[in-house]
Amino acid sequence: MPKYNPSKIETKWQKIWEKNSSVWQAKDFSKKKKFYTLFEFPYPSGEGLHMGHLRGQTATDIFARKKRLQGYNVLNPIGWDAFGLPTENYAIKNKIHPADATRKNIASMKAQEKMLGYFLDWPREINTTDPKYYKWTQWIFLQLFKHGLAYKKDIPINWCLSCKIGLANEEIIDGRCERCGGETTKKNVSQWLLRITKYADKLIEGLKDLDFPERVKTSQTSWIGRSNGADIDFSVKDTKHKIRVFTTRPDTLFGATFMVIAPEHDIILNLKKKISNFKSVEGYIKKAKTKSDLERTELTKIKTGIKLEGVRAINPVNNEEIPIFVADYVLSSYGTGAIMAVPAHDQRDFEFAKQFNLPVSTVIQPSELIACAFYKIKPKYLFNRKQLEPESELTEAARLSGKYKGDVYTGTGVLINSGDYNGKRSSDAAKEIVTDLEKKSAGKFAINYKLRDWIFSRQHYWGEPIPIVYCGKCSVVPVPENELPVLLPEVKNYEPTDTGESPLAKITDWVNTKCPKCNGPAKRETDTMPNWAGSSWYFLRYIDPGNDKELADKEKLKYWMPVDLYEGGMEHTTLHLLYSRFWNEFLYDIGVIPTSEPYKKRVPHGIILAHDSRKMSKSFGNIVSPDEMVKEYGADTTRTYAMFIGPFDQSIAWDKNGLKGVWRFLNKVWDNMSKPNGNDNLLEEEKQSLIIGVSKDIESFSMNTAIAKLMEFNNLLTQKNSISFEIKTIFLTLLYPFAPHISEELWQSLRNKKFLFESTWPKAEKDVKQKYNYVIQINGRKKFVIKDDFDLNEKDMIEKVLKIDKISKELKDGYKKAVFVKGKIVNFVI
RNA sequence: GGGCGAGUGGUGGAAUGGUAUACACGUUGGACUUAAAAUCCAAUGGUCGCAAGACCAUGUGGGUUCGAAUCCCACCUCGCCCACCA
């Protein structure tokens, strides 16, 4: 037997697999049970595959290979999420067409995928920039438009000064552009938005039955940020105007001593004549608008604002007159852009009140229940204490229970100074107050979300054109479905314009078109879609990638959906994962697809950091490429080490030295499998637990411990001079998902007729005699270990143990009691 | 400020109520070699001891239990995400 030479055997097997790939490719409507594994399709970047791909895609490949051997009809596809800014920027810099750059990058990444030995359904490969693909992205947009979920609105958008592009809130990190890190500001632009907020409740509700990690669910839920409360109208004295506020605490309404509205609020202009200090108010607003979000959040401690002189609001619950302020701590984008300020029970309002010397009126007293919870006593007992010193006891308990923020009690309790509602509990009072206001048409129950509508316009070239036409007569007209796709035209210059318009706006013969309705002159929409669009439905297209009649055949969708396992990065939790769930739920609602939730199970992977524990990044110069590793050690070692390095869902620093350990392991496997066949069954117990352990670990993505178990078993084999054929085949099958090339090669050297990829996953035998490993303890400390396959009951076991010299010596004064756990321990308490 | 998670040898980590430190890296000693690399063998949490062995160790301090890295409470440290969300 020659030495293990990965570079030789790996290309050999990759060719054989390719030739025989039909054996593995997913078959529509197969009678086998289907299993749809999905890995987030990569962005074809010039830098090639990075470590995140290596980790995620290797794990997915391992899982899929195991499922195939277990007899499933596995769909494990791949495609390219190819629209987006980096390619556009690269094209601008290097003066080539983004489509050419994309083609080039895909070719080299495809070679990398093959080099790593991933078995993927290449005939189903998709590319979001392919007109045959984005035809359907545009089609979905039209459906959203027809159902009123896509609309245009003039809104202040986040604007990146260096990319010259509008950004979604989600694309801004610490007030800076997510892509280039440049400064951002606000700019008023007419933008397309998708009404994702209409699906907010469904998106929360849908999570319930999904097999997602809890942290993914909670972060989606808190991102959507549903809060129940009420809208309450405050009228402005001596005018017809009303200011509506949203509050989650209607029970504190009597404590509202002033109002605050956002600088962007419309009412300010409406009240222009009444406001005696309008000039200075205008000055404040101007200043607030030029502040970037970064500045606005940096100054969280100091509240600024200005009083609207000459106008007062009326509290609908007690007709009290209160002053109105404009301040930028109130956001125009949440709720109604106005608040009732209750300084006694809200920390921000309290800070503002202190700054402007405004009255603070306490209306909530900490409930005795807080004191009970804190002192861990029953309410009955508290009443006795309450008679002694009720105020201080309650306040102290509330303070200690953490419901005090600074000097402000923000918890619930019992109402005081609240007219007819005095003595009622917060929750009851809130309901009654709103119900009473409803009768006067001054308020109603309301729900608000932190989630905003999805800004869907981009003023860039490299994206899907939005299929809309503007006609002087018919206004906004959707492009008829039979005219899709609206092709992205050729353009000389990809650079965005300074005016904020898309480069498409300059191509007049493309922009000028006929109105589909009246045939009159019309202009095309020149905005393109964000790069999240193509990825919001790609999992559906894999199911039927060639279909030009519909986005995918209904019967095929029915067979394959939902995705059984979706592997991807934690960073996509609140963006891609939420957007694609939204589109999927929408398509389900209009009857296009059969399942409301796209992903049954989500498994996120941790980031691989550089050896210095920083993120791998060009600017740090600490990027490691899979290419170098494959060159030095081969794909099998690279794959296996990427899994062995640590727990799959945790971030971990790359350590090149560790590769050696896996390399040594595979070399030892090579040597062991080359030993003569023996016929001993000495490893029966270990064999059983290996099969069970590796199968279970792959299923739960504990790839590192699965490999450790294989190593441990292999170390046992190293001590043998001969190994039975059965053990060899089982071991190779279990190793195969991790290191497929070496496993196939060794499998073939065993003169197996079929290929390993046509083989089946081993099952553990049920009726193997279990050996018991008893730990004998005294007071919970280990004293002795007995290993045997005896199967004794408690009494006999204790008797047996007491005969052991060492134990009987220690127990010569007797023992209080003995704890017996079958198969595990005997513990004597003395 | 809020939410989530984590803290175990020199290092990555294993063990989720029952033998703490599996597996691997590294280190030290030895074999092979002119030498090095590679490979193989042995040792490797700490303290005491010639040894058998004993005691101490899972961020800190308490608690629950026959028994705690694991469960509960408080504190400390680190990481990630969100953040003036009314």
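Quick note on labels: first sequence line is chain A, next is B, and so on, each numbered from 1. The analysis underlying the following values was restricted to heavy atoms, covering all of them including side chains, and did not include hydrogens, waters or symmetry mates. Fair warning: this is a prediction, and the values are worked out from it, not measured in the lab.
Using a 4.0 Å heavy-atom cutoff across all strands shown, A:K709 reaches no nucleic acid atom at all. Within the nucleic acid shown, A:I707 has no heavy atom closer than 4.0 Å to any nucleic acid atom. Nucleic acid contact for A:F644: base, since at least one base atom lies under 4.0 Å from a heavy atom of the residue. As judged by a 4.0 angstrom heavy-atom cut-off over every strand, A:S333 is placed among residues making no nucleic acid contact. Residue A:T705 is classed as a sugar-phosphate contact, given heavy-atom separations below 4.0 Å to backbone atoms only. Nucleic acid contact for A:I825: base, since at least one base atom lies under 4.0 Å from a heavy atom of the residue. In this structure, A:N704 reaches the sugar-phosphate backbone alone: every heavy-atom distance under 4.0 Å involves primed, P, OP1 or OP2 atoms, never a base.
Across B:U28 and B:U77, the matching C1' atoms stand 33 Å from one another, rounded to whole Å. Look at the P atom in both B:G62 and B:C56: the space between them is 15 Å, to the nearest Å. With both ends at atom C1', the span from B:G18 to B:A68 equals 10 Å, rounded to whole Å. Distance noted for atom C1' between B:U65 and B:C72: 12 Å (whole Å). Here the separation of B:A20 from B:G67, taken at their C1' atoms, is 14 Å to the nearest Å.
Looking at which nucleotide of RNA chain B each of A:W663 and A:K782 is closest to, the 5′-most match is held by A:K782.
In this model, a side-chain donor or acceptor of A:K303 finds a partner on the base of B:C84 within 3.5 Å. Residue side chain A:N827 reaches the base of B:C66 through a donor-acceptor N/O pair under 3.5 Å, judged by distance alone. Applying the 3.5 Å distance criterion, the base of B:G1 shares no donor-acceptor pair with the side chain of A:Q347.
Using a 30° and 60° split on the angle between ring planes, A:W454 and A:Y579 fall in the parallel class, below 30°. Using the six-membered ring where Trp is involved, A:F325 and A:F356 have ring planes that are perpendicular, over 60° apart on the 30 and 60° scheme. Ring-plane geometry between A:Y815 and A:F828 is classed as perpendicular, the angle between the planes exceeding 60 degrees on a 0 to 90 degree scale with a lower cut at 30.
In this structure, A:R226 contributes its side chain and A:D201 its backbone to no donor-acceptor pair below 3.5 Å.
For residues 210-221 of chain A, proximity to RNA chain B is found at A:R215, defined as any non-hydrogen atom under 4.0 angstrom from a strand atom.
In this structure, the separation between CZ on A:F352 and CG on A:L358 is 7.0 Å, given to the nearest 0.5 Å.
The phosphate of B:C82 has neither OP1 nor OP2 within less than 4.0 Å of any side-chain N or O from A:T574.
If you check the side chains of A:E40 and A:H572, you find a donor sitting under 3.5 Å from an acceptor.
Between A:E632 and A:K656 there is a salt bridge, since at least one side-chain N of the basic residue sits less than 4.0 Å from a carboxylate O of the acidic one.
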